[in-house]
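None of the values given here were measured: they were computed from a predicted structure. Reminder, nothing fancy here: chain letters follow the sequence lines and each chain counts from 1.
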Number of protein chains: 2
Amino acid sequence: MALGKDYAKQECSIARALEVVGERWTLLVVRDALYGVRRYNDFLVHLGAPRAVLAARLQALTAEGVLEKRRYQQSPPRDEYVLTERGLALWPTLCALGVWGREHYDTTPMRIFRHAGCGSGLGRYGECRTCGIAVPVADVEMLPGPGLDPDPADPVSRALLRPKRLLEPVIIDQAS
Amino acid sequence: MALGKDYAKQECSIARALEVVGERWTLLVVRDALYGVRRYNDFLVHLGAPRAVLAARLQALTAEGVLEKRRYQQSPPRDEYVLTERGLALWPTLCALGVWGREHYDTTPMRIFRHAGCGSGLGRYGECRTCGIAVPVADVEMLPGPGLDPDPADPVSRALLRPKRLLEPVIIDQAS
DNA sequence: CCTTTTAGGTTCAGTGAACGAACCCACAGT
DNA sequence: ACTGTGGGTTCGTTCACTGAACCTAAAAGG
(Lines give C-alpha, C1' and ligand atoms only; values in the text may rest on other atoms or scores of the structure.)
Protein backbone atom coordinates (compact mmCIF):
# COMPACT_ATOMS: atom_id res chain seq x y z
CA MET A 1 0.00 0.00 0.00
CA ALA A 2 2.80 2.26 0.92
CA LEU A 3 1.17 5.50 1.86
CA GLY A 4 3.78 6.50 4.39
CA LYS A 5 1.91 4.31 6.76
CA ASP A 6 1.31 0.80 5.56
CA TYR A 7 -0.89 -1.56 7.52
CA ALA A 8 2.00 -2.27 9.86
CA LYS A 9 1.45 -4.04 13.13
CA GLN A 10 -1.92 -5.32 12.03
CA GLU A 11 -1.16 -8.87 13.14
CA CYS A 12 -3.74 -10.12 10.71
CA SER A 13 -3.85 -11.95 7.41
CA ILE A 14 -6.62 -9.71 6.14
CA ALA A 15 -4.37 -6.70 6.47
CA ARG A 16 -1.57 -8.62 4.76
CA ALA A 17 -3.88 -9.41 1.88
CA LEU A 18 -4.97 -5.80 1.63
CA GLU A 19 -1.35 -4.73 1.32
CA VAL A 20 -1.34 -6.62 -1.96
CA VAL A 21 -4.82 -6.06 -3.36
CA GLY A 22 -6.16 -3.19 -1.26
CA GLU A 23 -5.17 -0.31 -3.47
CA ARG A 24 -7.52 1.45 -5.79
CA TRP A 25 -8.13 -0.41 -9.08
CA THR A 26 -6.18 -3.49 -8.02
CA LEU A 27 -9.12 -5.80 -7.38
CA LEU A 28 -10.79 -4.63 -10.56
CA VAL A 29 -7.69 -5.57 -12.51
CA VAL A 30 -7.86 -9.04 -11.00
CA ARG A 31 -11.57 -9.22 -11.79
CA ASP A 32 -10.94 -8.35 -15.41
CA ALA A 33 -8.17 -10.92 -15.57
CA LEU A 34 -10.64 -13.52 -14.33
CA TYR A 35 -13.06 -12.39 -17.02
CA GLY A 36 -10.42 -13.19 -19.60
CA VAL A 37 -8.82 -9.81 -20.20
CA ARG A 38 -5.08 -10.13 -20.81
CA ARG A 39 -3.78 -7.16 -22.75
CA TYR A 40 -2.74 -3.78 -21.46
CA ASN A 41 -5.01 -1.99 -23.85
CA ASP A 42 -8.03 -4.08 -23.04
CA PHE A 43 -7.60 -3.45 -19.33
CA LEU A 44 -7.20 0.21 -20.14
CA VAL A 45 -10.39 0.70 -22.09
CA HIS A 46 -12.50 -1.57 -19.92
CA LEU A 47 -11.40 -0.14 -16.58
CA GLY A 48 -11.04 3.47 -17.59
CA ALA A 49 -8.14 3.84 -15.20
CA PRO A 50 -5.29 6.24 -15.90
CA ARG A 51 -2.52 4.59 -17.91
CA ALA A 52 0.12 5.26 -15.28
CA VAL A 53 -1.96 3.66 -12.55
CA LEU A 54 -2.71 0.63 -14.67
CA ALA A 55 0.98 0.18 -15.50
CA ALA A 56 1.86 0.45 -11.79
CA ARG A 57 -0.81 -2.07 -10.79
CA LEU A 58 0.14 -4.60 -13.42
CA GLN A 59 3.77 -4.32 -12.38
CA ALA A 60 2.95 -4.62 -8.67
CA LEU A 61 0.66 -7.61 -9.19
CA THR A 62 3.33 -9.26 -11.31
CA ALA A 63 5.93 -8.63 -8.61
CA GLU A 64 3.59 -10.12 -6.01
CA GLY A 65 3.07 -13.23 -8.08
CA VAL A 66 -0.61 -12.63 -8.72
CA LEU A 67 -0.14 -12.07 -12.43
CA GLU A 68 2.46 -13.39 -14.81
CA LYS A 69 3.72 -11.35 -17.73
CA ARG A 70 4.29 -13.46 -20.74
CA ARG A 71 5.45 -12.67 -24.24
CA TYR A 72 2.94 -13.81 -26.79
CA GLN A 73 4.64 -12.55 -29.92
CA GLN A 74 8.19 -11.52 -30.71
CA SER A 75 7.94 -8.85 -33.31
CA PRO A 76 6.75 -6.44 -32.31
CA PRO A 77 7.32 -7.58 -28.75
CA ARG A 78 3.95 -7.91 -27.04
CA ASP A 79 3.17 -9.17 -23.57
CA GLU A 80 0.03 -10.37 -21.93
CA TYR A 81 -0.81 -10.68 -18.26
CA VAL A 82 -2.31 -13.92 -17.03
CA LEU A 83 -3.32 -14.96 -13.54
CA THR A 84 -1.09 -17.30 -11.59
CA GLU A 85 -2.34 -19.89 -9.12
CA ARG A 86 -2.18 -17.19 -6.48
CA GLY A 87 -4.29 -14.90 -8.60
CA LEU A 88 -6.88 -17.57 -9.28
CA ALA A 89 -7.18 -18.07 -5.54
CA LEU A 90 -8.72 -14.62 -5.30
CA TRP A 91 -11.89 -15.80 -7.02
CA PRO A 92 -13.74 -16.69 -3.80
CA THR A 93 -13.02 -13.22 -2.43
CA LEU A 94 -14.20 -11.46 -5.57
CA CYS A 95 -17.21 -13.70 -5.75
CA ALA A 96 -18.21 -12.96 -2.15
CA LEU A 97 -17.70 -9.26 -2.73
CA GLY A 98 -19.83 -9.34 -5.85
CA VAL A 99 -22.61 -11.20 -4.08
CA TRP A 100 -22.56 -8.63 -1.30
CA GLY A 101 -22.69 -5.75 -3.76
CA ARG A 102 -25.52 -7.27 -5.69
CA GLU A 103 -27.62 -8.16 -2.66
CA HIS A 104 -27.26 -4.80 -1.01
CA TYR A 105 -26.97 -2.31 -3.85
CA ASP A 106 -27.63 -3.62 -7.38
CA THR A 107 -30.67 -5.75 -6.91
CA THR A 108 -30.86 -6.86 -10.54
CA PRO A 109 -27.78 -8.90 -11.42
CA MET A 110 -25.37 -7.53 -14.01
CA ARG A 111 -23.73 -10.85 -14.70
CA ILE A 112 -24.83 -14.35 -13.93
CA PHE A 113 -22.38 -17.06 -12.92
CA ARG A 114 -23.18 -20.72 -13.30
CA HIS A 115 -21.51 -24.05 -12.84
CA ALA A 116 -20.73 -25.03 -16.42
CA GLY A 117 -21.03 -28.71 -15.56
CA CYS A 118 -24.62 -28.73 -14.35
CA GLY A 119 -25.90 -25.31 -15.35
CA SER A 120 -27.13 -24.22 -11.93
CA GLY A 121 -26.21 -20.98 -10.21
CA LEU A 122 -23.50 -20.28 -7.70
CA GLY A 123 -24.15 -19.72 -4.02
CA ARG A 124 -22.83 -17.08 -1.76
CA TYR A 125 -19.34 -18.52 -1.62
CA GLY A 126 -18.91 -19.58 -5.22
CA GLU A 127 -20.14 -23.09 -4.60
CA CYS A 128 -22.56 -24.83 -6.95
CA ARG A 129 -26.09 -24.72 -5.56
CA THR A 130 -26.99 -28.21 -6.68
CA CYS A 131 -23.67 -30.06 -6.68
CA GLY A 132 -22.69 -28.38 -3.43
CA ILE A 133 -19.04 -28.43 -4.40
CA ALA A 134 -16.71 -25.47 -4.75
CA VAL A 135 -16.62 -24.88 -8.49
CA PRO A 136 -13.13 -24.52 -10.00
CA VAL A 137 -12.70 -21.12 -11.60
CA ALA A 138 -12.32 -22.55 -15.08
CA ASP A 139 -15.69 -24.28 -14.75
CA VAL A 140 -17.60 -21.09 -14.05
CA GLU A 141 -19.69 -19.85 -16.93
CA MET A 142 -20.43 -16.16 -17.10
CA LEU A 143 -23.36 -14.64 -18.94
CA PRO A 144 -24.90 -11.18 -19.10
CA GLY A 145 -27.68 -10.52 -16.62
CA PRO A 146 -30.78 -8.31 -16.90
CA GLY A 147 -29.19 -5.41 -15.04
CA LEU A 148 -26.26 -5.12 -17.44
CA ASP A 149 -25.98 -1.95 -19.45
CA PRO A 150 -22.99 -2.46 -21.72
CA ASP A 151 -20.96 0.38 -23.12
CA PRO A 152 -21.21 -0.01 -26.91
CA ALA A 153 -18.04 2.03 -27.39
CA ASP A 154 -15.95 -0.48 -25.47
CA PRO A 155 -14.99 -3.62 -27.40
CA VAL A 156 -14.21 -5.51 -24.19
CA SER A 157 -17.65 -4.75 -22.83
CA ARG A 158 -19.14 -5.98 -26.11
CA ALA A 159 -17.06 -9.13 -26.03
CA LEU A 160 -18.30 -9.93 -22.53
CA LEU A 161 -21.89 -10.03 -23.75
CA ARG A 162 -21.25 -13.45 -25.20
CA PRO A 163 -21.58 -16.23 -22.62
CA LYS A 164 -18.12 -17.56 -21.83
CA ARG A 165 -16.09 -19.34 -19.22
CA LEU A 166 -13.98 -17.42 -16.77
CA LEU A 167 -10.31 -17.21 -17.80
CA GLU A 168 -11.13 -17.94 -21.42
CA PRO A 169 -9.51 -15.06 -23.31
CA VAL A 170 -11.91 -12.39 -24.52
CA ILE A 171 -12.37 -12.16 -28.24
CA ILE A 172 -12.28 -8.58 -29.43
CA ASP A 173 -14.25 -7.85 -32.57
CA GLN A 174 -12.40 -5.39 -34.75
CA ALA A 175 -15.44 -3.39 -35.82
CA SER A 176 -14.22 -0.11 -34.35
CA MET B 1 -14.39 6.42 -3.30
CA ALA B 2 -14.62 9.80 -4.81
CA LEU B 3 -11.20 10.57 -6.09
CA GLY B 4 -12.36 12.70 -8.96
CA LYS B 5 -13.02 9.49 -10.78
CA ASP B 6 -15.17 6.98 -9.02
CA TYR B 7 -15.66 3.51 -10.42
CA ALA B 8 -18.25 4.84 -12.83
CA LYS B 9 -19.46 2.78 -15.75
CA GLN B 10 -18.10 -0.42 -14.26
CA GLU B 11 -21.36 -2.29 -14.84
CA CYS B 12 -20.40 -4.68 -12.08
CA SER B 13 -21.47 -5.45 -8.54
CA ILE B 14 -17.88 -5.87 -7.44
CA ALA B 15 -17.14 -2.29 -8.38
CA ARG B 16 -20.30 -1.19 -6.60
CA ALA B 17 -19.16 -2.98 -3.46
CA LEU B 18 -15.73 -1.41 -3.70
CA GLU B 19 -17.29 2.02 -3.82
CA VAL B 20 -18.49 1.33 -0.31
CA VAL B 21 -15.69 -0.70 1.23
CA GLY B 22 -12.80 -0.16 -1.18
CA GLU B 23 -11.11 2.76 0.49
CA ARG B 24 -8.08 2.49 2.66
CA TRP B 25 -8.88 1.35 6.24
CA THR B 26 -12.53 0.66 5.52
CA LEU B 27 -12.37 -3.13 5.46
CA LEU B 28 -10.16 -3.13 8.53
CA VAL B 29 -12.77 -1.12 10.38
CA VAL B 30 -15.36 -3.73 9.45
CA ARG B 31 -12.99 -6.49 10.50
CA ASP B 32 -12.49 -4.90 13.90
CA ALA B 33 -16.22 -4.46 14.27
CA LEU B 34 -16.64 -8.18 13.62
CA TYR B 35 -14.00 -8.84 16.25
CA GLY B 36 -16.16 -6.99 18.75
CA VAL B 37 -14.64 -3.51 18.69
CA ARG B 38 -17.30 -0.84 19.10
CA ARG B 39 -15.81 2.36 20.45
CA TYR B 40 -14.04 5.12 18.59
CA ASN B 41 -11.04 4.95 20.84
CA ASP B 42 -10.69 1.21 20.57
CA PHE B 43 -10.76 1.36 16.78
CA LEU B 44 -8.22 4.15 16.98
CA VAL B 45 -5.60 2.37 19.04
CA HIS B 46 -6.08 -0.99 17.41
CA LEU B 47 -5.98 0.24 13.82
CA GLY B 48 -3.45 3.00 14.23
CA ALA B 49 -5.25 5.03 11.59
CA PRO B 50 -5.28 8.82 11.73
CA ARG B 51 -8.17 10.12 13.80
CA ALA B 52 -9.62 12.14 10.96
CA VAL B 53 -9.63 9.15 8.62
CA LEU B 54 -11.26 6.95 11.22
CA ALA B 55 -13.97 9.52 11.85
CA ALA B 56 -14.59 9.80 8.11
CA ARG B 57 -14.80 6.02 7.66
CA LEU B 58 -17.13 5.50 10.59
CA GLN B 59 -19.38 8.22 9.27
CA ALA B 60 -19.34 6.85 5.73
CA LEU B 61 -20.03 3.29 6.86
CA THR B 62 -22.88 4.54 9.01
CA ALA B 63 -24.31 6.48 6.07
CA GLU B 64 -24.06 3.36 3.90
CA GLY B 65 -25.92 1.30 6.46
CA VAL B 66 -22.98 -0.98 7.24
CA LEU B 67 -22.61 0.31 10.79
CA GLU B 68 -25.16 1.76 13.14
CA LYS B 69 -24.27 4.47 15.63
CA ARG B 70 -26.02 3.99 18.91
CA ARG B 71 -25.96 5.88 22.16
CA TYR B 72 -24.94 3.68 25.03
CA GLN B 73 -24.92 6.28 27.78
CA GLN B 74 -26.48 9.68 28.13
CA SER B 75 -24.15 11.70 30.29
CA PRO B 76 -21.60 12.23 29.03
CA PRO B 77 -23.10 11.31 25.66
CA ARG B 78 -21.23 8.31 24.26
CA ASP B 79 -21.88 6.37 21.10
CA GLU B 80 -20.79 3.00 19.86
CA TYR B 81 -20.72 1.61 16.36
CA VAL B 82 -22.23 -1.80 15.74
CA LEU B 83 -22.60 -3.76 12.54
CA THR B 84 -25.95 -3.91 10.82
CA GLU B 85 -27.23 -6.88 8.88
CA ARG B 86 -25.52 -5.43 5.84
CA GLY B 87 -22.25 -5.22 7.72
CA LEU B 88 -22.50 -8.77 8.98
CA ALA B 89 -22.93 -9.89 5.40
CA LEU B 90 -19.35 -8.85 4.74
CA TRP B 91 -18.00 -11.70 6.84
CA PRO B 92 -17.69 -14.16 3.93
CA THR B 93 -15.68 -11.61 1.98
CA LEU B 94 -13.33 -10.88 4.87
CA CYS B 95 -13.02 -14.54 5.64
CA ALA B 96 -12.06 -15.36 2.05
CA LEU B 97 -9.58 -12.51 1.99
CA GLY B 98 -8.01 -13.66 5.24
CA VAL B 99 -7.69 -17.21 3.98
CA TRP B 100 -6.00 -15.95 0.85
CA GLY B 101 -3.59 -13.81 2.83
CA ARG B 102 -2.72 -16.60 5.16
CA GLU B 103 -2.21 -19.22 2.46
CA HIS B 104 -0.05 -17.01 0.30
CA TYR B 105 1.81 -14.75 2.69
CA ASP B 106 1.53 -15.53 6.42
CA THR B 107 1.92 -19.25 6.48
CA THR B 108 1.49 -19.53 10.24
CA PRO B 109 -2.01 -18.43 11.20
CA MET B 110 -2.40 -15.34 13.37
CA ARG B 111 -5.92 -16.14 14.43
CA ILE B 112 -7.86 -19.35 14.29
CA PHE B 113 -11.58 -19.44 13.54
CA ARG B 114 -13.73 -22.36 14.53
CA HIS B 115 -17.34 -23.36 14.46
CA ALA B 116 -18.32 -22.88 18.09
CA GLY B 117 -20.92 -25.63 17.84
CA CYS B 118 -18.62 -28.47 16.85
CA GLY B 119 -15.16 -27.05 17.39
CA SER B 120 -13.79 -27.76 13.93
CA GLY B 121 -12.12 -25.21 11.67
CA LEU B 122 -13.61 -23.11 8.92
CA GLY B 123 -13.05 -23.74 5.24
CA ARG B 124 -12.21 -21.33 2.52
CA TYR B 125 -15.61 -19.72 2.42
CA GLY B 126 -16.34 -19.62 6.13
CA GLU B 127 -18.18 -22.92 6.11
CA CYS B 128 -17.67 -25.50 8.83
CA ARG B 129 -15.34 -28.25 7.63
CA THR B 130 -17.22 -31.04 9.35
CA CYS B 131 -20.80 -29.80 9.44
CA GLY B 132 -20.44 -28.43 5.90
CA ILE B 133 -22.87 -25.63 6.64
CA ALA B 134 -22.20 -21.91 6.41
CA VAL B 135 -21.54 -20.91 9.99
CA PRO B 136 -23.49 -17.84 11.18
CA VAL B 137 -21.10 -15.07 12.22
CA ALA B 138 -22.17 -15.18 15.84
CA ASP B 139 -21.26 -18.87 16.01
CA VAL B 140 -17.67 -18.34 14.97
CA GLU B 141 -15.16 -18.64 17.75
CA MET B 142 -11.88 -16.77 17.40
CA LEU B 143 -8.70 -17.69 19.19
CA PRO B 144 -5.09 -16.58 18.91
CA GLY B 145 -2.92 -18.60 16.55
CA PRO B 146 0.78 -19.44 16.69
CA GLY B 147 1.78 -16.66 14.33
CA LEU B 148 0.21 -13.94 16.44
CA ASP B 149 2.53 -11.35 17.91
CA PRO B 150 0.32 -9.10 20.02
CA ASP B 151 1.21 -5.54 20.84
CA PRO B 152 1.34 -5.39 24.65
CA ALA B 153 0.81 -1.64 24.61
CA ASP B 154 -2.58 -2.00 22.94
CA PRO B 155 -5.43 -3.03 25.26
CA VAL B 156 -7.59 -4.16 22.35
CA SER B 157 -4.83 -6.42 21.11
CA ARG B 158 -4.53 -7.84 24.63
CA ALA B 159 -8.27 -8.34 24.90
CA LEU B 160 -8.30 -10.32 21.65
CA LEU B 161 -5.90 -12.87 23.12
CA ARG B 162 -8.78 -14.38 25.03
CA PRO B 163 -10.82 -16.81 22.93
CA LYS B 164 -14.14 -15.23 22.12
CA ARG B 165 -17.01 -15.28 19.68
CA LEU B 166 -17.14 -12.83 16.83
CA LEU B 167 -19.36 -9.81 17.57
CA GLU B 168 -19.12 -10.35 21.30
CA PRO B 169 -17.90 -6.96 22.62
CA VAL B 170 -14.24 -6.84 23.55
CA ILE B 171 -13.49 -6.46 27.23
CA ILE B 172 -10.80 -3.89 27.82
CA ASP B 173 -8.73 -4.41 30.96
CA GLN B 174 -8.02 -1.09 32.61
CA ALA B 175 -4.40 -1.86 33.59
CA SER B 176 -2.72 1.07 31.86
C1' DC C 1 10.20 6.02 -48.95
C1' DC C 2 7.12 8.50 -46.08
C1' DT C 3 3.16 8.64 -43.14
C1' DT C 4 -0.05 6.66 -40.05
C1' DT C 5 -1.56 3.34 -36.75
C1' DT C 6 -1.15 0.27 -32.84
C1' DA C 7 0.54 -1.77 -28.50
C1' DG C 8 2.60 -0.61 -24.57
C1' DG C 9 4.22 2.21 -22.09
C1' DT C 10 6.70 6.99 -19.41
C1' DT C 11 6.56 11.89 -17.91
C1' DC C 12 4.54 15.71 -15.84
C1' DA C 13 1.65 19.33 -13.58
C1' DG C 14 -2.46 19.72 -10.79
C1' DT C 15 -5.41 18.01 -7.23
C1' DG C 16 -7.40 15.48 -3.73
C1' DA C 17 -6.68 12.25 -0.02
C1' DA C 18 -3.97 10.37 3.87
C1' DC C 19 -0.84 11.48 7.57
C1' DG C 20 0.36 13.08 12.20
C1' DA C 21 0.26 16.48 15.50
C1' DA C 22 -2.21 19.82 17.81
C1' DC C 23 -6.26 21.60 19.39
C1' DC C 24 -11.18 21.56 21.21
C1' DC C 25 -15.22 20.46 24.16
C1' DA C 26 -18.26 18.35 27.49
C1' DC C 27 -18.42 15.89 31.33
C1' DA C 28 -16.52 13.16 35.62
C1' DG C 29 -13.72 12.59 39.39
C1' DT C 30 -11.10 14.55 43.27
C1' DA D 1 -9.98 24.53 40.29
C1' DC D 2 -7.50 20.98 38.14
C1' DT D 3 -6.92 16.75 35.66
C1' DG D 4 -8.44 12.89 32.84
C1' DT D 5 -11.16 10.78 29.19
C1' DG D 6 -14.06 9.96 25.08
C1' DG D 7 -14.91 11.71 20.82
C1' DG D 8 -13.97 14.31 17.85
C1' DT D 9 -12.09 18.82 14.37
C1' DT D 10 -8.35 21.63 12.22
C1' DC D 11 -4.34 22.15 9.66
C1' DG D 12 0.13 21.90 7.19
C1' DT D 13 2.79 18.39 4.81
C1' DT D 14 3.35 14.54 2.02
C1' DC D 15 1.90 11.24 -1.18
C1' DA D 16 -0.95 8.98 -4.61
C1' DC D 17 -4.34 9.41 -8.26
C1' DT D 18 -5.77 11.92 -12.47
C1' DG D 19 -5.66 13.31 -17.25
C1' DA D 20 -3.13 14.78 -20.92
C1' DA D 21 0.86 14.71 -23.50
C1' DC D 22 4.74 12.44 -25.10
C1' DC D 23 7.78 8.35 -26.54
C1' DT D 24 9.24 4.01 -29.00
C1' DA D 25 9.26 0.12 -32.08
C1' DA D 26 7.16 -2.20 -35.47
C1' DA D 27 3.63 -2.89 -38.95
C1' DA D 28 0.54 -1.26 -42.48
C1' DG D 29 -0.81 1.72 -46.24
C1' DG D 30 0.14 4.32 -50.28
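- A sub-4.0 Å separation between OP1 or OP2 of D:dG6 and a side-chain N or O of B:Tyr81 is absent.
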*Summarise protein proximity over nucleotides 21-30 of chain C in one line of letters, 5' to 3': B for base, S for sugar-phosphate only, - for none, counting protein heavy atoms closer than 4.0 Å.*
-B----SS--

Pairs under 3.5 angstrom, nitrogen or oxygen only, protein versus nucleotides 28-30 of chain D, please.
none

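- Not counting sequence neighbours, the partners of B:Asp32 by the side chain to side chain contact (heavy atoms under 4.5 Å, CB included) test are B:Tyr35, B:Val37, B:Phe43, B:His46, B:Leu47.
- Applying the 6.0 Å contact sphere to CD of B:Gln59 captures no more than 12 heavy atoms from other residues, nucleotides or ligands.
- Among pairs with a residue in residues 126-169 of chain A, none fulfils ring-ring contact (aromatic ring centres under 6.0 Å, His included), at least two apart in sequence or across chains.
- In terms of phosphate contacts, A:Trp25 brings no side-chain nitrogen or oxygen within less than 4.0 Å of OP1 or OP2 of D:dA16.
- Clustering of Ile, Leu, Val, Met, Phe, Trp and Tyr by side-chain heavy atoms under 4.5 Å joins B:Leu148 with B:Met110, B:Leu161.
- Every pair passing salt bridge (charged side-chain N to carboxylate O under 4.0 Å, His left out) that includes a residue from residues 102-116 of chain A is listed here, sequence neighbours excluded: A:Glu103-A:Arg124, A:Arg111-B:Glu11, A:Arg114-A:Glu141.
- In this structure, of D:dC17, C:dA18, C:dG8, it is C:dG8 that holds the atom nearest to the side chain of A:Tyr72.
- Here A:Arg31 pairs with nothing under the salt bridge (charged side-chain N to carboxylate O under 4.0 Å, His left out) rule; sequence neighbours left out.
- Counting non-hydrogen atoms of other residues, nucleotides and ligands closer than 6.0 Å to CD of A:Gln73 gives a total above 12.
- Hydrophobic clustering, defined by side-chain heavy atoms of Ile, Leu, Val, Met, Phe, Trp and Tyr closer than 4.5 Å, leaves B:Val99 isolated from every other such residue.
- Taking a 4.0 Å limit (strictly below) on heavy-atom distances, residues 34-42 of chain A reaches DNA chain C at A:Arg39, A:Tyr40, A:Asn41.
- Of the possible donor and acceptor atoms, none in the side chain of B:Thr26 sits under 3.5 Å from a partner among the backbone N and O of B:Gly22.
- Between the CG atom in A:Leu160 and the CG atom in A:Leu143 there is a gap of 11.5 Å [rounded to 0.5 Å].
- For the contact set between residues 63-71 of chain A and DNA chain C, defined by any heavy atom under 4.0 Å, the members are A:Lys69.
- Listed by chain and number, the residues in a ring pair (Phe, Tyr, Trp, His ring centres under 6.0 Å) with A:Phe113 are A:Trp91 (sequence neighbours excluded).
- Along DNA chain D, the nucleotide nearest to B:Ala55 and the one nearest to A:Val53 differ in position, and the one closer to the 5' end is contacted by B:Ala55.
- Considering only residues two or more places apart in sequence or on other chains, A:Trp100 meets the ring pair (Phe, Tyr, Trp, His ring centres under 6.0 Å) condition with A:His104, A:Tyr105.
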